[in-house]
Each structure stands twice: as structure tokens, then as C-alpha cells.
Number of protein chains: 2
Amino acid sequence: MRDVARLAGVSQSTVSRVLSRSTSPIQISQDTVQKVLDAVDKLGYRPNLTARSLRGQKTNMIAIMIADISNPMYHSIVRTVQAIARERDYDVLIANTDHVYENELHFCEAIIRRPVDGVLMVPNHLSNDEIEQLIHITDIPVVVLAWPSYYPRVDAVYGDDLKATYDAVRWLVESKGHRRVGFIGVSRTLPPGERRRTGFDRAMTDAGLAVPPDYIQEGDFSIDSGQRAMRALLQLAQPPTAVFVCNDLMAIGAIDAAKDLNCRVPEDVAVIGFDNIPEATIIRPRLTTIAQYPVEMGQQMAHAVFDRIEGLSNGTRQVFEIPCRLIEREST
Amino acid sequence: MRDVARLAGVSQSTVSRVLSRSTSPIQISQDTVQKVLDAVDKLGYRPNLTARSLRGQKTNMIAIMIADISNPMYHSIVRTVQAIARERDYDVLIANTDHVYENELHFCEAIIRRPVDGVLMVPNHLSNDEIEQLIHITDIPVVVLAWPSYYPRVDAVYGDDLKATYDAVRWLVESKGHRRVGFIGVSRTLPPGERRRTGFDRAMTDAGLAVPPDYIQEGDFSIDSGQRAMRALLQLAQPPTAVFVCNDLMAIGAIDAAKDLNCRVPEDVAVIGFDNIPEATIIRPRLTTIAQYPVEMGQQMAHAVFDRIEGLSNGTRQVFEIPCRLIEREST
DNA sequence: AATTTTTATGCAACCGTATGCAGTCAACTC
DNA sequence: GAGTTGACTGCATACGGTTGCATAAAAATT
């Protein structure tokens, strides 16, 4: 910048003003602007955003923490967020936690040490206190993709998966006539695990159906774990005739395991997944699943955080529900 | 930091020295260290890495540019790189180009404006000149995941996909007895597209087999495009009996399309993919494919860049070949 | 006891940019 | 023609750290 100033025959501050003219109300003569721009061009100068961040206390970056880089759900969210960020000349820092608590903490620590202007996150273990503390220390707007009751004081975007699970299970029972329904979930310590399990339990109770303990299996979101869980279910003396699986990847594994055991889907056992990832229409039978709408989620999250960054919203927290929808295909 | 200094009763420089003791050879009395650490603890102070970067001309960040966030190949690479970076207390900036040239340029621009200590990239369009220029401007070590001849002056990690393609096609012909072999590729303007096509062409020529123009289809890496391409092949008057597909996602689409057209795989048409993504063992028939080894790729890339960052290597460029391997499953 | 060396600390400059404040100059006002 | 105004521009400082250099105190040497 000093070099540009020298070449243009003006002071360094003037160069700065020319280059950030949009954000500065001060006027500069047309003549000077031209001289500076010429010099910038000639030297191929680009401002150093790190320095700009330091001085301006504004980084033009936001961070997004996702739970699983392998889950296509998050790809759409990330892509959407990036597109919206790009429009505003923001860069996006992506962090992947693989659902591990330590990684979530590491992310918070990283944000504290290298501040950004806004944070989007899909927490799985972080307590409300930990998020509050992050906000308190950094004073950065945070938007979570999570059931709002877990984080009662930050903007939240969430899919109503409890209700969606409830409705889907009742549909299995009432429209499809299943009475023995199994469940492949994930740890109840994870918010979605807890909610979907609750939805399942309530639906079964309300339908007046008992669920043997064996019918409840637990996986870890992966295809492999879905296979294992399904194998366990099908090897029971009296296996379920339908299985609700907490995400599509595990459902894909479950269908695979069923085939291996010469068990027809959906004739012998119906399978329903959750997420509606692209692969759901690829496998055979095509997977019945509960669709989430990641693009909408990404949009809401991004807009919520940018509204706060730009001061458009600063009052009470906002909560956006993105409804889920059952998509019936061939696996039920 | 000033507050810490005040509380500890020392100067701000001393605090800095205590906190970056590892990198500074200067000695500090045990007593002072303790006072400072106590103050840090009491105030919950964390150094601002942005400021540190500015002064130190070292960001403790590396950036990685991948071509497709939906491709599981890159998930492994990213995970591996992140693990290695974490060991060294580096953060990783992830950028996704979706194979689009503008995004690659944008990435370079972002790196210029917000420098990092090292860059890993999977370029698809960037010219050698453009990469040279990036290095020239920023003076940052760059490691590419790409056939080295495209970027003759930077460290490169690459899978020998040309040879792997050649071998696989000859195997289809000689061991499996196919004589009509189709090809579903991607644009030859993309390095892997070009190489795999070359490998295919050479293998067919060397086997003395002609390839009708109709047998060459082009997709865009996606499942959808694989479906479309396969449909086109199977609707020919004389369809191929085997199809070499340039990546697994398209191969999955291709198998799907075949099933839709009541065409059995592998009896009526054999399919071979490339990448060996996890889904390859999930679909039925299980996909024969050429495995790449993304973990090894990530390791080599990360080590290459850190070796340069730490000054362990600074001479001539390094090139690492990660061989591919044919994995025969059920689709051939 | 005087001198040299070592150890520990502080002062001040610097990284690259943004901005409050003061100053210059031309154009206006009266 | 003196005073006022407004449009530009530069000086100096700040952002939050790191580090070269000087110096004071302590230890070692002569």
C-alpha cells in the first residue's frame, strides 16, 4: 500500500480511502482516484485482508461447523451458505466434527482465537452454557441448526424431526398395517437421536403397541452400523416387519443387510429412512424416507447470521422451523 | 494482553514471550512465568491469532481446494489433511470448486488477499502459469493433486490413473472377453478426463479393437449424468457389452439406468468404475472399480507442504505417485 | 573489588490497514 | 476583502500481537 501511495504520489491513507471508498463516506477527487487505481493496477496490488481484519475488527469471514462431512445433507447446506456468503464478499470457514465432542470444543476454541464475524453450527454435544460462553467471550452472532430448546438463547433453524418421526411411525402402523416395528437410532445423547427416539416411542405408545427392547438398535450414522443393526433385528426369533431408521445412510446399510439375509424389502421387512439424500433414489428398492430441506436450512441460517452481522436484526432471537416431509418410495 | 501484563506486574512483551516460549529462545525466570500464567488463567485470556499472523507473517493455517465436496474421495483426503494439520496446531481452510474454473480463480484470489502458510489443491482448469503466478505473488508452497506434467514446477501427488485405466480396459478385453467396450467419461479439458480417455483409447488400439464414436459418452461426475450416458449407450442398435466409467458416482447411475432398461449387470453389460467410494460395495451388483487411496494422497500432500513450511525441504520439487488398484466385484 | 559474562526484562518499532482530526485550498457569502 | 464553508488530503495513531536492541541485575571470572 505504501508502494502504491508512492507511485500515485499520494499518502497511504488516501490509497486506503480509495480502496474502501464504498464503506467510507469521505469524498475523493476523481483525479486522485484515477491515479491510485492506475498505481494499484500497475503494481498488481491486493489489500491484505488479515491486516484489514485486525484494524477493522471485522474479518469478512463466517465459520460453519458441521457434524459429518460425509453426509450429503451438509453438502447442500454448505453450498447454500457459501453462495450467500459469496454475494456479500465473505469467505466461509468449514469445520467438520464427525460428531465428536472434542472437535466441537476445538472449533469453539479456534473461533475464540481467530475470530470471525458470524458462526453457524450443527452442535451435537455442546451444552447451552458452552455456546453462551462462546458468545459472551467473542460477542459474535451464532446460529445453530438444532432444536431450539437445547439452545434457548441463540437463533435456531431446525427441522421438526420429532413430529415427522411420530407421523411416519403412525403411518407405518395405520396405513401400512405394521404392528411389529423396529427402530435403528443413534445415541440418545445426540439431540436428533433423542428426538427421533421420542417421536418413535410416542407414536408406538399412542398406537397402543408394545416395543420389545430387542427392537431398539443403535448405530453411529454410518452404512456399516446400519448393516449390523439390521442383522441383529432380523436374527431375532420374531423379527419386526418394519424398521424405522434414523438416517438414510444407515437405512441403506439396513436394506443391504436384509438382502444378504435373503429377506425381501419391503415384502418381509419395510424400511424407512431419514434425510432424503440423493442415494435414496439410487438403491433398490428406492428408499422411503423423510425429506429434510437442507437448502432452505442453509438459507435461513445464512440470512439469520448476516442479518445480525449487518445489524438488521439485533433484538430477540429468531427461530425458524423447516418442516420435514415423508416421501413414499418402494422400501415400504 | 495488556491486561494480563498489568495483572502480572510485568511488561506486555514479557507476556508475549511467556506465551510463545516454545518459539522464542529467550529465557524467562520461573517466577515470572508463573505470575503470567496465573494472570492468563484468571482473565481467561487467549491470544488473537489474527494479530499474531499479521506480525509474524505466519498464519498457522493451510488451505485446501477440492473439486467436489460430494465426492467421498475428497472426504478422506480432507480428513487426513486435517488430522495432520491438527498435530501441528494448524487450522485448515476448505474450499470447494465444484469443478468450476471461476471458483478455482476465486480461491487463488482469496489466498492472495488472505495469505496462509501452505496450499493444497486439486485443480481442474488452472493453468500452470496461473499456479506459478500464485506462488510468485504469495511465495507460499503449493502442492497439487494432479498428474505432474500439468504443473511441472510444483510438488505433486497423483494417482496413476492413465495406466490403471489402460490395464483395466485390457483386462476387460483379455480376461473377460469383451470386444465391444463403451466409455463414459468427463470433459477432456479436465485432466483426469483426458488421462482416462487416453488410457482407454490406447488400450483399445493396442487390443486391436475399434471404438465407434457412439460408444464414447460424456458426463459431469454426477449420478444423473451416468444414468443419461448409460441410457444412450444401451439404446444403440448394437450396445456395448462392457462400459468403462470414469468415476463411481457415474457408474452407480449407469447401473441404475441399466436396471431400468431391464438390462442385467454384468450378464448383459459389465460396468467398471473408478475411485472405490464406500457406496461401491453397497449397490447391487457390487461395483468393480479402480481404487484410489485418498488417505495416502492426503498424507503425502500434507507432509509435502509441511516439509516446505518447516523448511525441511526447499530444493527441487517432489513428486509422489500413489498407484491405483483394480478391485473386482460383481459388476463385471 | 573490579570486570566480564549471563540472565531477565522493558522499550519501542513493526506487521498492513483504517480512520479521527487537523490543515490546505478554492469557492462562496456578505 | 475578510470570513465562512466545503471538498480533499495527510499526519498520526490504533488494531493485538512479536521481536531486535538496550539495559539492569545477578552471577561468574579475574
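None of the values given here were measured: they were computed from a predicted structure. The sequence lines fix the lettering, A, B, ..., with proteins before strands; numbering per chain opens at 1.
Within the structure, salt bridge (charged side-chain N to carboxylate O under 4.0 Å, His left out) contacts touching residues 125-146 of chain A (residues at least two apart or in different chains) are A:E132-A:R153. Residue pairs meeting the salt bridge (charged side-chain N to carboxylate O under 4.0 Å, His left out) criterion with at least one partner in residues 3-16 of chain B, sequence neighbours excluded, are B:D3-B:R6. For residues 301-320 of chain B, the salt bridge (charged side-chain N to carboxylate O under 4.0 Å, His left out) pairs, not counting sequence neighbours, are B:R88-B:E310, B:D155-B:R308. Applying the salt bridge (charged side-chain N to carboxylate O under 4.0 Å, His left out) definition to pairs two or more places apart or across chains, those involving residues 54-73 of chain A are A:K58-A:D117, A:D68-B:R79.
Straight-line distance from the CZ atom of B:R113 to the P atom of C:dG16: 17 Å, rounded to whole Å. Atom CG of B:D31 and atom P of D:dA26 are 13 Å apart (whole Å). Straight-line distance from the NZ atom of A:K58 to the P atom of C:dG16: 22 Å, rounded to whole Å. D:dT9 atom P lies 19 Å from atom CZ of A:R6, rounded to whole Å. Distance A:N60 CG to C:dA18 C1': 14 Å, rounded to the nearest Å. As a whole-Å value, the separation of B:I28 CD1 from C:dT6 C1' is 16 Å. Across the protein-nucleic acid pair, B:Q27 atom CD and D:dT23 atom P stand 21 Å apart, rounded to whole Å. With rounding to whole Å, B:R2 atom CZ is found 6 Å from D:dC15 atom P.
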Using the 3.5 Å cut-off, write out each protein N or O paired with an N or O of nucleotides 10-12 of chain D and the distance between them.
unit_1 : atom_1 : unit_2 : atom_2 : d
D:dG10 : OP1    : A:S11  : N      : 3.4
D:dG10 : OP2    : A:S11  : N      : 2.9
D:dG10 : OP2    : A:S11  : OG     : 3.0
D:dG10 : OP2    : A:T14  : OG1    : 2.4
D:dG10 : N7     : A:R17  : NH1    : 3.3
D:dG10 : O6     : A:R17  : NH2    : 2.7
D:dC11 : N4     : A:S13  : OG     : 3.0

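Using five terminal pairs a side, the axes of the helix from C:dA1-D:dT30 to C:dC30-D:dG1 at its two ends make an angle of 50°, given in steps of 10 degrees.
Across D:dC8, D:dC15, D:dT18, the shortest atom-to-atom separation from the side chain of A:S29 is found for D:dC8.
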Under 3.5 Å donor-acceptor pairs involving side-chain atoms of residues 30-41 of chain B, not counting sequence neighbours:
unit_1 : atom_1 : unit_2 : atom_2 : d
B:T32  : OG1    : B:S29  : OG     : 2.7
B:Q34  : NE2    : B:D38  : OD1    : 3.1

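Every ring pair (Phe, Tyr, Trp, His ring centres under 6.0 Å) that B:Y158 has, sequence neighbours left out, goes to B:W147. With sequence neighbours left out, the salt bridge (charged side-chain N to carboxylate O under 4.0 Å, His left out) criterion links A:R113 to B:D89. Under the ring pair (Phe, Tyr, Trp, His ring centres under 6.0 Å) criterion, B:F221 pairs with B:H99, not counting sequence neighbours. In terms of the ring pair (Phe, Tyr, Trp, His ring centres under 6.0 Å) criterion, residue partners of B:F306 (sequence neighbours excluded) are, by chain and number, B:Y90.
Looking at every heavy atom in both residues, A:P191 comes nearest to A:P123 through CG-O, 4.5 Å.
For the contact set between residues 45-57 of chain A and DNA chain D, defined by any heavy atom under 4.0 Å, the members are A:L54, A:R55, A:Q57.
OP1 and OP2 of D:dC8 both lie 4.0 Å or more from every side-chain N or O belonging to A:T32.
Residues B:R46 and A:I137 meet the side-chain proximity criterion, which asks for heavy atoms closer than 4.5 Å.
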